[in-house]
Amino acid sequence: MQELKERIIAEGIVREGNVLKVDSFLNHQCDVTLYQHMGDAWAQHFADKKIDKILTVAASGIGISCVAALSFGGVPVVFARKAQSINLDGDQYTARVHSYTHGNDNTVIIAKRFLQPGEHVLLIDDFLANGAALDGLIEICRQADAVVEGIGIAVEKGFQSGGKRMRESGYDVCSLAIVKSMDVSTGKIEFA
Ligand code: 5GP
């Protein structure tokens, strides 16, 4: 998606540890018009799929998913939240997720009543690196007997393993920008 790539080139900052900062438009300050265009692009890609619900992970997936949901006819958005051990009970699906940016492990939960067996879901996230966040969502869908119809990603870091692994597992991954390489010393970002 040309518009997203141009914004990444103009405003993206390459950080140590293969982290791309795009917080001026994607995951801190939010450009909702860009979000709308991203939603339209995913809706076009997944036009032949039945999407009952969008699943994402707190916090940075929530904004893009809520705007994108409008492009899918206003389907509900459910976000996996980080578990507070105090309120864990049998009414929730849970999965362990390693956080790429924070370097720690979290248990994420989705209440069972918000994900029904047989529901067709689209997974959306802002970034795809090694795929741990998606693994968590896929595991929760497996527990719920929900059907993963596809995966919508804003920025895939193509030099990391997640995208390849998801595609090899048979998932339809639609990444709107795939970063081929980025250099922390020059700040140069190249797309696939
Ligand atoms: P994964 O689980 O695929 O390894 O990493 C994806 C998750 O980590 C996303 O939910 C995203 O929030 C975060 N993440 C991974 N890489 C980056 C990055 O380069 N920049 C930002 N801002 N977030 C990232």
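Predicted model, so just to flag it, every value in this text is computed and none were measured. Just so you know, ligand 1 is whichever comes first in the structure, and atom 1 is the first atom listed for that ligand.
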Below 4.0 Å from any atom of ligand 1, is there a heavy atom belonging to Asn18?
yes
Do we see a donor-acceptor contact under 3.5 Å between the side chains of His98 and Asn106?
no
Test of proximity, Lys21 against ligand 1: N or O pairs below 3.5 Å
no
With respect to Asn27, which candidate in Ile62, Val22, Thr101, Val155 satisfies the side-chain contact (heavy atoms from CB on, under 4.5 Å) definition?
Val22
Protein residue, atom and distance nearest to atom 3 (O) of ligand 1, heavy-atom basis
Gly131 N, 2.7 Å
Identity and separation of the nearest protein heavy atom to atom 11 (C) of ligand 1
Asp126 OD1, 3.4 Å
Do Asp52 and His120 have side-chain N/O donor and acceptor atoms under 3.5 Å apart?
no
When only distance counts, is Leu128 in polar contact with ligand 1, meaning an N/O pair under 3.5 Å?
no
Closest to atom 8 (O) of ligand 1 among protein heavy atoms sits Tyr100 CB, 3.6 Å
Going by the 4.0 angstrom heavy-atom rule, the piece of Ser60 near ligand 1 is side chain
Do any nitrogen or oxygen atoms of Asp125 lie less than 3.5 angstrom from nitrogen or oxygen atoms of ligand 1?
yes
Measure across Phe127 and Ile153 and return the closest heavy-atom pair with its distance rounded to 0.1 Å.
C-CG2, 4.1 Å
Does the N or O separation between Ala132 and ligand 1 drop below 3.5 Å for any pair?
yes
Contact check, side chains of Gln160 and Asn18, non-hydrogen atoms, under 4.5 Å
yes
